[in-house]
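Throughout, protein chains are lettered first and strands after them, A, B, ... in sequence-line order, and every chain is numbered starting at 1.
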There are 2 protein chains.
Amino acid sequence: MSDREARTPTPAELRILRILWRLGPSTVHEVHAALATEKSVGYTTALKMLQVMTEKELVERETVGRAHRYRPVAAEETTQRQLLRDLVDRAFGGSVDALVLRALSDVDVPQADLEEIERLLSRERERRS
Amino acid sequence: MSDREARTPTPAELRILRILWRLGPSTVHEVHAALATEKSVGYTTALKMLQVMTEKELVERETVGRAHRYRPVAAEETTQRQLLRDLVDRAFGGSVDALVLRALSDVDVPQADLEEIERLLSRERERRS
DNA sequence: AAGCATATACGAAACCTGTCGTACTTGCAA
DNA sequence: TTGCAAGTACGACAGGTTTCGTATATGCTT
């Protein structure tokens, strides 16, 4: 249990990571302030989360005076990929395109986005040729 | 707590749902047999899961002699959409296309799949015009 | 009718997540 | 130098998930 596993972050952990990706390295105070705008939560809760996340190596911290400044260990992109991989495996039998197709068939996706994705997709496809 | 919430299934629940979607309505015995091929787990564990899932209304059951036959309440497609919606909200700031783009940039997606998706995408786009 | 095989029901333990209260530390201002 | 403000550390608990052991019910075979 003490080692390298790179488990996917829990929902509460992800909420904090998103704040750190947005704000950059931040103190508990700053994280708590940002968190409190979307969800009522105590200061020590934010602190404890960050401590646990440090333990799990989801974040690193640097000492600044008497306080700590936290930063995410993984880039947002990396974590998003990991979460997608996880979902693809758990719910789509490992097929990325089954997931993509399902996502695109969502009625909420605006027409304009479909066109945009189509453009990016063909660019991506060509990049690989 | 007694009512309509439609929470997303937990990982273990999803494993069972996938079996039911694949096999159709099944007994505990059948679910356990299928489950055991991918993961070593006791019979009563499968039974208990199904009981809890019935409680949560993730599955329904019908009595067949002394046994029960279980079926998923929601279609696979519906659950996949729900899980995607959840991930989009938690990790992609609500943007479906951010998720799709990230999924497609995965190096594991074969070239042929990109082409396939492109085809389906343009069909979907036209369907909506 | 007895007894075995096959079911379900139920309770509880181990673990994880998320929340917070309380105790402790430390730097700085008066 | 004393004490307050601003921090961290730690323990604990409530709730949920996952696992399984044990108890109980029931139908079939002889």
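Between A:Leu17 atom CG and C:dT17 atom P the separation is 14 Å, expressed in whole Å. Atoms CG (A:Leu50) and P (C:dT17) sit 15 Å apart, rounded to a whole Å. Spacing between atom CD of A:Glu55 and atom C1' of D:dG11 amounts to 15 Å, rounded to whole angstrom units. B:His32 places its NE2 atom 12 Å from the P atom of C:dA7, with the value rounded to the nearest Å. Atoms CD (A:Glu30) and P (D:dA6) sit 15 Å apart, rounded to a whole Å. One can place CE of A:Met49 at 16 Å from C1' of D:dA9, the figure rounded to the nearest angstrom. At whole-Å resolution of the value, CG in A:Leu47 and C1' in D:dA12 are 16 Å apart. Between the OH atom of A:Tyr70 and the C1' atom of D:dA9 there is a distance of 10 Å, given to the nearest Å.
Within the 4.0 Å cut-off from OP1 or OP2 of D:dG16, not a single side-chain nitrogen or oxygen of B:Lys56 is found. Remark: B:Thr10 is in phosphate contact with D:dT18, judged by side-chain N or O atoms under 4.0 Å from OP1 or OP2. Within the 4.0 Å cut-off from OP1 or OP2 of C:dT8, at least one side-chain nitrogen or oxygen of B:Tyr43 is found.
Salt bridge status for B:Glu115 with B:Arg119: absent, with no side-chain N to carboxylate O gap under 4.0 Å. Residues B:Arg123 and B:Glu126 are not paired through a salt bridge, judged by the lack of any N-O separation under 4.0 Å between the basic side chain and the carboxylate.
Taking only side-chain atoms of B:His68, from C-beta outward, the nucleotide of C:dA9, D:dT8, C:dG18 with the closest atom is C:dA9. For A:Pro11, whose side chain is taken as the heavy atoms from C-beta onward, the closest listed nucleotide among D:dA9, C:dG18, C:dA9 is C:dG18. Here the nucleotide nearest the side chain of B:Gln51, chosen from D:dG7, C:dA9, D:dC20, is C:dA9.
Environment of CD in B:Glu55: sparse, with no more than 12 heavy atoms of neighbouring residues, nucleotides or ligands closer than 6.0 Å.
For the pair B:Arg61 and A:Lys39, both in contact range of DNA chain C, the more 5′-proximal nearest nucleotide belongs to B:Arg61.
Within the 4.5 Å cutoff, no side-chain heavy atoms of A:Ile19 are placed close to those of A:Arg15.
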Nucleotide-resolved protein contact map, nucleotides 21-30 of chain D, B/S/- at heavy-atom distance under 4.0 Å: BB--------
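Using the six-membered ring where Trp is involved, A:His32 and A:Tyr43 have ring planes that are perpendicular, over 60° apart on the 30 and 60° scheme.
There is no side-chain donor-acceptor pair under 3.5 Å between B:Gln111 and A:Arg128.
The side-chain contact (heavy atoms from CB on, under 4.5 Å) test with A:Val59 singles out one residue from A:Met49, A:Met53, A:His68, and that residue is A:Met53.
Within 4.0 Å of A:Val52, counting heavy atoms only, lies no atom of the nucleic acid at all. Using a 4.0 Å heavy-atom criterion, one finds that A:Val28 contacts the sugar-phosphate atoms exclusively.
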